[in-house]
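Heavy atoms only: backbone and side chains are in, while hydrogens, waters and symmetry mates are out. Predicted, not measured: the structure shown is a model, and the values here were computed from it.
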Amino acid sequence: MDFQAFRNTLGHFSTGVTVVSTKSEYEFLGFTANAFSSVSMDPPIILVCIDKKATSLHAFKPNHPFVINILTKEQKEDGLWFSKKSDEKFKDISYTVSKDGVPVLDGNLATIECDVAAIIEAGDHYIITGNVKDVVYDDQKDPLIFFRGQLQHLPETQVNN
C-alpha cells in the first residue's frame with residue numbers, strides 16, 4: 001500500500017479538532033488530536049489516539065485524569081500550537097484548572113473530563129479510552145475542523161441551524 005495515498009484518503013474524512021490536556025507530577029501536558037470518538041453512551045466512554053513518540057504519553061496511566069478540549073474556530077492558533085513540540089505548552093495559553101488539577105482551555109466548544117480507562121496498543125499509536133466524568137458545551141460557538149490536512153471552519157450559513 002502507498003502510505004501517502006492512505007494518508008490522503010484519511011484526510012477526506014473531516015473531523016473536529018481537540019486538544020487533549022493532562023498533568024504529570026511536575027507539569028501540564030497537551031497535544032492536538034483529531035483521532036477522537038465517542039465509544040459508549042452507557043456508561044459514557046470516549047477514545048483518543050496518541051502517537052507512541054508523544055512526549056506526553058508517560059502521563060497516561062489507568063485512572064489518571066485528562067481533558068478533551070473540543071476547539072472552536074477561534075481556537076485555531078491553540079490547535080496549531082499544541083501540535084508542535086514544546087516544553088512550555090501552556091505558556092501564554094488561557095486556561096483554568098479542573099478540580100482534578102488538569103488544565104482546561106478557555107473558550108472551548110465543548111469540554112469532556114475523563115479518567116483513563118484503558119490503554120490499547122495499535123500500530124504506531126495507543127488508543128486511550130476514558131471514562132467520562134463531566135461535560136460542558138456551548139451551542140453558540142462554531143467548530144474548528146480538520147479536512148484535507150488543513151484546519152478549517154464551516155461556512156457561517158451552516159452553523160447553528
Side-chain angles (χ1 to χ4, degrees), residues 13-147 151-154 159:
F13 179 66
S14 62
T15 65
V17 180
T18 71
V19 168
V20 180
S21 56
T22 192
K23 62 179 181 172
S24 71
E25 187 176 339
Y26 305 105
E27 64 185 332
F28 290 151
L29 302 164
F31 64 94
T32 300
N34 68 323
F36 160 78
S37 180
S38 64
V39 174
S40 171
M41 295 298 288
D42 186 16
I45 300 171
I46 58 88
L47 71 76
V48 66
C49 298
I50 183 172
D51 192 300
K52 286 182 175 179
K53 295 181 264 180
T55 57
S56 54
L57 179 61
H58 69 280
F60 290 91
K61 296 177 176 29
N63 301 313
H64 190 77
F66 69 99
V67 171
I68 303 292
N69 301 272
I70 301 175
L71 302 187
T72 68
K73 69 179 185 179
E74 289 80 20
Q75 293 174 298
K76 182 177 180 178
E77 292 304 315
D78 290 345
L80 292 170
W81 175 251
F82 281 94
S83 70
K84 299 175 183 173
K85 295 201 183 303
S86 171
D87 291 334
E88 297 183 15
K89 290 280 183 132
F90 288 87
K91 182 181 180 186
D92 300 325
I93 297 293
S94 180
Y95 66 91
T96 57
V97 178
S98 74
K99 63 184 177 196
D100 288 329
V102 175
V104 177
L105 301 185
D106 292 339
N108 289 338
L109 180 65
T111 303
I112 305 171
E113 294 184 42
C114 306
D115 285 332
V116 174
I119 302 170
I120 304 158
E121 190 170 358
D124 59 0
H125 280 65
Y126 286 103
I127 300 167
I128 298 173
T129 62
N131 293 320
V132 177
K133 301 187 310 184
D134 197 16
V135 296
V136 177
Y137 61 90
D138 186 334
D139 282 335
Q140 301 305 308
K141 295 183 178 176
D142 299 328
L144 182 63
I145 62 170
F146 187 72
F147 180 66
L151 294 176
Q152 304 180 29
H153 61 87
L154 299 172
V159 179

>> Distance check, rounded to the nearest 0.5 Å: Leu71 atom CG versus Asp78 atom CG?
In response: 6.5 Å

>> Let me confirm one number: the CH2-CZ distance from Trp81 to Phe90, rounded to the nearest 0.5 Å.
In response: 11.0 Å

> Of all residues at least two apart in sequence or in a different chain, which pass the ring pair (Phe, Tyr, Trp, His ring centres under 6.0 Å) check with Phe36?
Replying inline: none

>> Restricting to non-hydrogen atoms, name the atom on His125 and the atom on Lys52 that form the minimum distance, rounded to 0.1 Å.
In response: O-CE, 3.7 Å

> Looking at residues at least two apart in the chain, or sitting in another chain, which of them share a ring pair (Phe, Tyr, Trp, His ring centres under 6.0 Å) with Tyr126?
Replying inline: none

> Do side-chain atoms of Thr32 reach the backbone of Gly79 as a donor and acceptor pair under 3.5 angstrom?
Replying inline: yes

> Roughly how far, to the nearest 0.5 Å, is OG1 of Thr18 from CD1 of Ile68?
Replying inline: 5.0 Å

>> Whether the side chain of Asp100 engages the backbone of Val102 through a donor-acceptor N/O pair (distance < 3.5 Å, no angle test) should be reported.
In response: no

> Roughly how far apart are Phe82 CZ and Ile93 CD1, rounded to 0.5 Å?
Replying inline: 4.5 Å

>> Please evaluate residues His64 and Lys23 with respect to the criterion side chain to side chain contact (heavy atoms under 4.5 Å, CB included), reporting the C-alpha separation (whole Å), side-chain torsions for both, the decisive distance (0.1 Å), and the verdict.
In response: CA-CA 9 Å; His64 190 77; Lys23 62 179 181 172; 4.1 Å; yes

> Heavy atoms, side chains only, cut-off 4.5 Å: are Phe28 and Lys89 in contact?
Replying inline: no

> Listed by chain and number, what are the side-chain contact (heavy atoms from CB on, under 4.5 Å) partners of Glu77, not counting sequence neighbours?
Replying inline: Leu80

> Which of these passes side-chain contact (heavy atoms from CB on, under 4.5 Å) with Thr129: Ile119, Leu47, Ile46?
Replying inline: Leu47

> Are the side chain of Gln75 and the backbone of Pro143 linked by a donor-acceptor contact shorter than 3.5 Å?
Replying inline: no

> Could you give the distance from CD1 (Ile70) to CG (Asp138), rounded to the nearest 0.5 Å?
Replying inline: 12.0 Å

> What are the two closest heavy atoms between Ala122 and Ile127, and how far apart are they?
Replying inline: CB-CD1, 3.8 Å

> Of all heavy-atom pairs between Ser56 and Phe31, which one has the smallest distance, and what is that distance?
Replying inline: OG-CD2, 3.4 Å

> Which heavy atom in Thr72 sits nearest to a heavy atom in Gly107, and how many Å separate them?
Replying inline: CG2-O, 3.3 Å

> Is Ser21 reaching over with its side chain to a backbone N or O of Pro103, donor-acceptor style, under 3.5 angstrom?
Replying inline: yes

> Of the non-hydrogen atoms in Val20 and Ala33, which two are nearest, and what is the gap between them?
Replying inline: CG2-CB, 4.1 Å

> Closest heavy-atom contact between Ala59 and Leu29?
Replying inline: CB-CD1, 3.5 Å

> What's the spacing between Lys73 NZ and Asp142 CG if we round to 0.5 Å?
Replying inline: 4.5 Å

>> Contact between Lys133 and Asp115 at the side-chain level, heavy atoms closer than 4.5 Å - yes or no?
In response: yes

> Short question: side chain of Thr22, backbone of Pro65 - any donor-acceptor pair under 3.5 Å?
Replying inline: yes

> For the side-chain contact (heavy atoms from CB on, under 4.5 Å) test, which of Ile112, Asn108, Leu109 pairs with Asn69?
Replying inline: Asn108

>> How about NZ on Lys61, more than 12 heavy atoms from neighbouring residues, nucleotides or ligands closer than 6.0 Å, or not?
In response: yes

